[in-house]
Amino acid sequence: QQQLVESGGGLVQAGGSLRLSCAASGRTFSGYATGWCRQAPGKEREFVAAISWSGDSTYYADSVKGRFSISRDNAKNTVYLQMNSLKPEDTAVYYCAADRAYYGSSPEHYAYWGQGTQVTVSA
């Protein structure tokens with residue numbers, strides 16, 4: 001019954017910005033840590049960013065530090081990923097993930113996943 005729905009992907013030129021959103025359907029994010037992962041064509045899924053339930057703790061992959069920012073609005077049951085200074089190597093399908101018991105950088109440990117949203121950055 002629980003579903004995560006991503007939105008906000010699209011095509012953008014290098015140096016541009018996008019904001020991704022992840023909303024819970026069927027229940028709230030109450031008590032859940034949430035992360036963003038991505039998967040480029042022919043590559044393994046990799047961790048991007050994570051945020052605790054309270055929002056007072058965040059963690060980023062080295063490849064996106066200083067450019068991406070994860071946040072959440074619990075009243076709206078929504079998690080965001082603000083992406084600035086986008087690079088062609090950021091091109092991937094971006095997935096929202098959540099878990100009651102796990103907060104960290106290993107994609108395989110998240111229990112709930114969205115369907116993904118495509119982000120394409122042109123040179």
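Residues: numbered from 1 along the sequence shown. FYI, side chains are in, hydrogens and waters are out, and symmetry mates aren't considered; it's all heavy atoms of this structure.
Between the side chain of E6 and the backbone N or O of G116 there is at least one donor-acceptor pair closer than 3.5 Å. Put simply, the side chain of R67 gets close to the backbone of S85: a donor and an acceptor are under 3.5 Å apart. Of the possible polar contacts, one joining the S52 side chain to the S57 backbone as a donor-acceptor pair under 3.5 Å is found.
A cation-pi arrangement, defined by a distance under 6.0 Å to the six-membered ring centre and an angle within 45 degrees of its axis, is absent between R72 and Y80. Taking the ring centre of W53 as origin, the terminal cationic atom of R100 falls outside the region bounded by 6.0 Å and 45° from the ring axis.
If you chain together hydrophobic residues whose side chains sit under 4.5 Å apart, L86 and Y95 never meet in one group.
For the residue pair D73 and T78, no side-chain donor N or O sits within less than 3.5 Å of a side-chain acceptor on the partner.
Interatomic distance, CH2 of W113 versus SG of C96, reported as 9.0 Å (0.5 Å rounding). Rounding to the nearest 0.5 Å gives a distance of 9.5 Å between CG of D99 and OG1 of T34. Separation of atoms CD (Q82) and OG (S17) is listed at 6.0 Å; rounding is to 0.5 Å. With rounding to the nearest 0.5 Å, the separation of CG in L18 from CG in L11 is 9.0 Å. Put simply, CD1 on I51 and CG on D56 are 8.5 Å apart, with the number rounded to the nearest 0.5 Å.
The heavy-atom pair separating V119 from G9 by the smallest distance is CG2-CA, 4.2 Å. Here the closest heavy-atom approach between residue A40 and residue A92 is recorded as N-CB, 3.7 Å. Shortest non-hydrogen contact noted between A49 and Y60 is CB-CD2, 3.6 Å. The two residues A50 and G104 make their nearest non-hydrogen contact at CB-O, 3.8 Å. Shown here for T91 and Q118, the closest heavy-atom pair between the two residues is CG2-NE2, 4.1 Å.
Ring pair Y110/Y102: centre-to-centre distance below 6.0 Å. Separation of the Y59 and F47 ring centroids falls under the 6.0 Å cut-off.
The residue from V12, L20, V64 that alone fulfils the side-chain contact (heavy atoms from CB on, under 4.5 Å) condition with M83 is L20.
By the 6.0 Å contact criterion, CD on E46 is enclosed, its count of non-hydrogen atoms from other residues, nucleotides or ligands being greater than 12. Counting heavy atoms of neighbouring residues, nucleotides and ligands inside a 6.0 Å radius, atom CD of E108 exceeds 12 of them.
V48 places a side-chain heavy atom less than 4.5 Å from the side chain of L81.
Salt-bridge annotation for D62 and K65: present, with a side-chain N of the basic residue lying under 4.0 Å from a carboxylate O of the acidic one.
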Mind running side-chain contact (heavy atoms from CB on, under 4.5 Å) on S63 and R38 for me, showing each step along the way? CA-CA 12 Å; S63 60; R38 66 188 182 186; 3.5 Å; yes
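Taking the six-membered ring for Trp and thresholds of 30 and 60 degrees, F68 and Y94 have ring planes inclined between 30 and 60 degrees apart.
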